[in-house]
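Order of listing sets the numbers, starting from 1, for every ligand and every atom in it. Both backbone and side-chain heavy atoms feed into the values below; hydrogens, waters and symmetry mates do not. Keep in mind the model is a prediction, meaning the values are calculated, not measured. One-based numbering along the sequence shown.
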Amino acid sequence: MTASILDGKQFAAQIRASVADHVVLLKDAHGVTPGLAVVLVGEDPASQVYVRAKGKQTIEVGMASFEHRLHAATSEADLLAMIDRLNADPEVHGILVQLPLPPHLDSDLVINRIDPAKDVDGFHISNVGLLATGQKAMVPCTPLGCLMMLRNHHGNLSGLHAVVVGRSNIVGKPMAQLLLGDSCTVTIAHSRTRDLAGLCRSADILVAAVGRPEMVTGDWIKPGATVIDVGINRIAVEGKTTLVGDVHFESAARVAGAITPVPGGVGPMTIACLLANTLSATCRANGLPEPEGLTV
Ligand code: NDP
């Protein structure tokens with residue numbers, strides 16, 4: 001069997017186009033321009049790349065982008081004061097603080113200072129609680145993107161056995177909550193899980209969010225299963241840096257029914273979902289209905 005490829009690049013482009021259409025409507029009919037503020041503390045090279053990409057795509061869909069680059073030695077009080085200003089700014093509908101923060105800053109404290117209604121990353125404890133209790137929440141962008149791809153491929157996920165490998169707060173746990181919300185039978189695996197390969201082989205849907213290059217191989221996969229590879233790992237191959245996922249693509253694609261590639265799978269969906277969340281936040285802030293298909 002050769003798996004069909006779940007093309008995140010193409011799907012993300014469709015989502016951005018839909019977001020852009022809604023932005024035009026919001027501007028024309030209501031005089032509202034969605035605004036996304038991104039705060040970057042320090043000079044971490046990977047974070048700078050992400051922030052640049054987010055700013056570029058925000059502008060491309062017609063939203064206002066507010067970038068705040070702060071010195072690595074910024075004090076917690078100054079960062080919190082900036083978040084307070086953004087919370088109060090009516091032109092800002094979404095706020096994202098790029099993680100990781102420098103070690104002298106308390107990430108939980110900073111994230112929980114963001115107004116939950118503007119928390120487009122979905123990391124605020126209120127949004128985490130809403131998602132966990134099956135209520136309307138701002139959903140973390142990466143798992144939201146994964147769910148959209150799964151719904152797009154399967155239609156109905158009800159009754160499928162989903163195994164999520166990884167239990168982080170930003171990917172694994174919210175992914176499991178979302179799958180549960182769609183009536184999957186969900187198992188969460190992690191570094192202490194016994195017989196991980198055997199467990200993965202029982203999955204109709206396998207989500208790998210581990211951070212271990214090519215850990216999941218074809219013999220871990222049930223024939224015909226859908227494999228979502230969240231991992232982004234940079235490895236050296238013949239002296240060149242190459243991007244690989246947590247899944248060994250070549251062997252997995254021979255067994256799976258469908259699979260996301262790396263790059264070009266989950267990665268592009270993450271920023272598209274950030275824009276969708278910013279659009280939803282803008283609609284809610286203005287008492288308008290949220291666009292269908294761009295939120296859960
Ligand atoms: P974390 O490091 O926070 O979590 C990794 C999880 O994997 C942990 O729960 C850990 O278990 C588990 N794990 C580690 N080793 C093993 C193992 N050998 N067997 C089973 N489980 C294991 O990572 P993130 O969740 O933040 O990210 C995961 C991956 O996704 C990374 O590659 C990251 O780069 C990528 N990512 C991609 C995004 C995208 O946009 N595509 C966005 C965010 C992340 P334990 O809890 O027991 O330690």
Any salt bridge (charged side-chain N to carboxylate O under 4.0 Å, His left out) involving residues 146-160? Give me the pairs, sequence neighbours left out, ordered by first then second residue.
Arg151-Asp182
Could you pull out all residues at least two apart from His68 that satisfy side-chain hydrogen bond (donor to acceptor under 3.5 Å, both in side chains)?
none
I'd like to know if the side chain of Thr217 pairs up with that of Ser251 as donor and acceptor (distance under 3.5 Å, no hydrogens or angles considered).
no
Pairwise side-chain hydrogen bond (donor to acceptor under 3.5 Å, both in side chains) hits with a residue in residues 94-106, at least two apart:
Lys54-Gln98
With a 4.0 Å cut-off on N to O distance, would you call Arg16 and Glu60 a salt bridge?
no
Contact residues of ligand 1 (heavy atom under 4.0 Å), by chain and number
Thr142, Val165, Gly166, Arg167, Ser168, Ile170, Val171, His190, Ser191, Leu196, Ala209, Val210, Gly211, Arg212, Met215, Val230, Gly231, Ile232, Asn233, Val266, Gly267, Thr270
NZ/Lys27: more than 12 non-hydrogen atoms of other groups inside 6.0 Å:
yes
